[in-house]
Amino acid sequence: MTKSSDSLVRIAVVGSGPAGVYACEALLDWADSVGREIVVDLLDSLPVPFGLLRHGVAPDHPRIKGIARTLQEIGADPRIRFLGNVEFGRDLSLDDARRLYHAVLFSTGALTDRDLGIPGEDLEGSYGAAQFVTWYDGHPDAAREWPLDAERAAVVGVGNVALDVARMLLRTAEQLEATDIPEHVREGFAACATRVVSVIGRRGPAYAKFTPLELREMDKVEGVTVIVDPADLEYDGEARTLRESDRRVKQVCTQLEKWAAAVTEAGHGSADDAEAAALADGLKVVRFRFHRAPAEILGDAGAVTGLRLERTEPDGAQVRRTGETEDLAVDAVYRAVGYRSTPLGGVPFDDDTATIPNEAGRVLDAAESGAVVPGLYTAGWIKRGPTGVIGTNRSCAVETVHGLTDDLDDGSLPEPAEPDPRAVRDLLAERGIEVVDGDGWAAIDAAERALGEAAGRERTKLAGRAEMLAAARGDAG
Ligand code: NAP
């Protein structure tokens with residue numbers, strides 16, 4: 001009998017973002033360490049790899065985008081085969097994958113927005129941060145145009161995505177000149193009318209999720225001033241203890257306190273006065289507002305005209321709602337309250353947490369039994385929820401791959417019915433799927449670099465799927 005310990009190991013990794021690529025790296029490391037032959041098929045629904053690194057990281061964060069080079073090096077190993085433009089669940093089913101691979105690892109991330117669940121979310125001018133991010137990052141399935149005519153916008157949520165959205169809304173087209181954004185996005189930003197962005201936290205500053213580096217960056221955006229109302233920086237005993245004991249929290253609070261102190265030091269009677277003075281000086285404004293829970297998005301004739309906020313009071317790590325409301329006049333509301341993963345055809349999914357139920361990366365049956373589903377694994381945001389920085393996905397993927405390779409080592413993964421590693425390409429070709437392989441991705445990469453070079457940039461992204469596929473085929477123009 002052929003045991004899985006004798007044969008070429010075949011693994012599918014579905015989703016080629018950081019978690020998927022780090023999983024590939026861990027699989028190759030394992031194969032090298034035990035001297036096994038392995039082929040890892042790295043599938044993606046997009047014609048290009050790297051997931052949120054390409055379509056989630058803000059374009060003015062090239063340092064983070066530099067991680068793409070590391071991922072590219074990992075992906076260059078011939079034992080990894082990129083199979084782009086393949087939608088799992090539609091082009092390739094779970095049953096297909098079970099016939100073709102010893103194991104399937106899902107790392108599809110999280111790309112949709114959580115809702116606030118308040119009235120008015122359907123109004124024109126009410127957006128999810130992820131929608132906006134996918135637009136400015138040139139995701140091929142994003143809307144081609146984005147309305148940037150709001151003079152005043154509110155961003156709900158005080159995490160790093162909220163910072164990205166606020167900063168990008170206030171960037172000028174010139175400041176984005178050197179970035180890799182597609183041409184239509186560049187043109188969109190050139191027409192952006194936004195002057196004031198309010199970033200809204202329902203709890204106090206000690207509970208903001210910002211990281212200090214990203215928060216401080218707001219001070220460095222040319223033409224933008226940051227305003228914090230000193231009265232907003234209220235701490236109760238628990239918040240004060242947190243502020244003193246947690247380094248990140250302390251740095252975040254200290255930065256916010258500096259901005260609040262500047263309002264008083266400049267002799268402004270209030271944060272509103274400071275805002276009016278900044279606008280009169282031709283500056284744009286970011287206002288951080290705390291202790292305000294979004295209650296309703298207000299509208300007129302189907303479009304956003306304001307955001308109703310309910311004041312809250314600190315109550316340990318939670319807040320008490322006070323019943324006192326205030327209306328913020330804004331023309332757009334962005335909710336940056338967390339991303340959500342979406343279910344994959346036939347794969348267990350917990351709708352409450354929007355994750356694949358798992359134990360250290362081994363997929364569990366969603367039914368009550370919660371038993372391990374042999375041969376299925378998960379890593380990244382769809383495994384643990386949308387938290388952590390890119391590097392967090394490396395340890396997350398390593399944990400999953402340990403489980404997977406332990407199962408391979410002890411022979412508990414059955415041999416797939418189809419032994420030929422070429423079978424997946426044949427199957428997809430039979431189904432008329434235009435697979436973008438490693439060569440196709442290299443051609444897209446070269447086309448984007450050439451487009452960028454012509455404009456004096458490192459890269460300009462191709463935005464549409466049709467353009468990407470044409471570049472992958474080597475079709476000019
Ligand atoms: P996040 O850090 O979890 O922040 C979500 C924010 O939404 C929190 O402030 C949360 O407040 C708030 N929120 C949730 N539900 C709310 C509601 N119903 N009403 C009002 N506020 C609500 O998530 P994220 O900003 O989406 O970031 C996801 C991950 O990506 C994070 O780990 C982040 O650091 C990372 N990231 C990093 C960068 C970077 O540049 N390094 C950039 C983007 C993202 P509560 O705490 O009160 O729930």
Side-chain angles (χ1 to χ4, degrees), residues 4-51 53 68 70-88 91-92 94 96-109 344 347 361-363 374-380 382-383 393-409 413-416 418-428 435-442:
S4 62
S5 57
D6 301 328
S7 58
L8 170 71
V9 176
R10 276 162 294 140
I11 311 286
V13 173
V14 181
S16 68
V21 180
Y22 288 134
C24 291
E25 181 187 41
L27 284 163
L28 297 188
D29 286 349
W30 165 81
D32 289 339
S33 69
V34 298
R36 293 285 303 262
E37 282 189 70
I38 190 168
V39 172
V40 185
D41 285 344
L42 181 57
L43 281 74
D44 206 293
S45 59
L46 297 185
V48 289
F50 307 146
L53 194 64
T70 311
L71 300 190
Q72 196 134 14
E73 279 165 24
I74 299 169
D77 190 299
R79 293 172 291 176
I80 299 175
R81 306 189 304 187
F82 179 62
L83 300 178
N85 202 37
V86 178
E87 175 92 34
F88 186 88
D91 305 333
L92 194 76
L94 184 57
D96 296 329
R98 284 194 172 289
R99 273 192 301 107
L100 294 161
Y101 301 103
H102 288 96
V104 190
L105 188 155
F106 300 99
S107 48
T108 45
L344 291 152
V347 181
R362 287 189 178 92
V363 174
L376 302 191
Y377 303 85
T378 181
I382 197 163
K383 167 186 170 186
N393 292 300
R394 185 177 222 156
S395 44
C396 178
V398 165
E399 178 191 59
T400 299
V401 168
H402 273 155
L404 189 161
T405 52
D406 281 352
D407 294 346
L408 269 171
D409 285 339
L413 296 182
E415 273 300 296
E418 175 53 73
D420 186 348
R422 287 169 305 191
V424 64
R425 291 297 299 262
D426 295 343
L427 183 70
L428 291 167
V435 175
V436 176
D437 59 13
D439 291 342
W441 156 234

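Because the structure is predicted, anything quoted here is derived from the model rather than measured. Along the sequence shown, residues are numbered consecutively beginning with 1.
- For T378 (side chain) and V363 (main-chain N/O), no donor-acceptor pair under 3.5 Å exists by modelled atom type.
- Looking at V104 and V347, their side chains never come closer than 4.5 Å, going by heavy atoms from C-beta outward.
- Under the side-chain contact (heavy atoms from CB on, under 4.5 Å) criterion, P47 pairs with N85, V436, I444, R465, M468, L469, not counting sequence neighbours.
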Would you please test Y377 and K383 for side-chain contact (heavy atoms from CB on, under 4.5 Å) and show each step? CA-CA 9 Å; Y377 303 85; K383 167 186 170 186; over 6 Å; no
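- Across A26 and V398, no two heavy atoms sit closer than the pair CB-CG2, 4.2 Å.
- Residues satisfying the salt bridge (Lys or Arg N to Asp or Glu O under 4.0 Å) criterion with D29, sequence neighbours excluded, are absent altogether.
- Residues I382 and L344 meet the side-chain proximity criterion, which asks for heavy atoms closer than 4.5 Å.
- Across all their heavy atoms, G361 and E399 have their closest contact at N-OE1, 4.4 Å.
- By the side-chain hydrogen bond (donor to acceptor under 3.5 Å, both in side chains) test, E87 is found to be paired with no residue, residues two or more places apart in sequence or in another chain being considered.
- Partners of Y22 under the side-chain hydrogen bond (donor to acceptor under 3.5 Å, both in side chains) rule, at least two apart in sequence or in another chain, do not exist in this structure.
- A donor-acceptor pair is defined here as one N or O able to donate and one able to accept, closer than 3.5 Å; such a pair exists between the side chain of H102 and the backbone of R10.
- The shortest non-hydrogen separation linking E415 to S7 is OE2-OG, 2.9 Å.
- With sequence neighbours excluded, the residues forming a side-chain hydrogen bond (donor to acceptor under 3.5 Å, both in side chains) with D44 are S16, listed by chain and number.
- F88 pairs by the ring-ring contact (aromatic ring centres under 6.0 Å, His included) definition with F106, not counting sequence neighbours.
- For residues 12-22, no pair satisfies salt bridge (Lys or Arg N to Asp or Glu O under 4.0 Å), with sequence neighbours left out.
- Remark: S107 engages V13, A19, L105 in a side-chain contact (heavy atoms from CB on, under 4.5 Å) (not counting sequence neighbours).
- Between T108 atom OG1 and L43 atom CG the span is 11.5 Å, to the nearest 0.5 Å.
- A397 and A379 get closest at one heavy-atom pair: CA-CB, 4.0 Å.
- Separation of atoms CG (L413) and CG (D406) is listed at 10.5 Å; rounding is to 0.5 Å.
- Listed by chain and residue number, nothing satisfies the salt bridge (Lys or Arg N to Asp or Glu O under 4.0 Å) test with D91 (two or more places apart in sequence, or in another chain).
- Taking the side-chain contact (heavy atoms from CB on, under 4.5 Å) definition, one finds that R79 meets it with L28, A31, D32, I38, D77, sequence neighbours left out.
- Here the closest heavy-atom approach between residue P49 and residue W441 is recorded as CD-CD2, 3.4 Å.
- How far OG of S45 is from CG of L83: 12.5 Å, rounded to the nearest 0.5 Å.
- For E418, the side-chain contact (heavy atoms from CB on, under 4.5 Å) partners are L100, D420, A423, not counting sequence neighbours.
- Partners of R98 according to the salt bridge (Lys or Arg N to Asp or Glu O under 4.0 Å) rule, which considers only residues two or more places apart in sequence or in another chain, do not exist here.
- Between the side chain of R36 and the backbone N or O of V9 there is no donor-acceptor pair closer than 3.5 Å.
- In this structure, L46 and F82 approach most closely via the heavy-atom pair O-CZ, 4.0 Å.
- Residues L404 and W30 fail the side-chain proximity criterion, which asks for heavy atoms closer than 4.5 Å.
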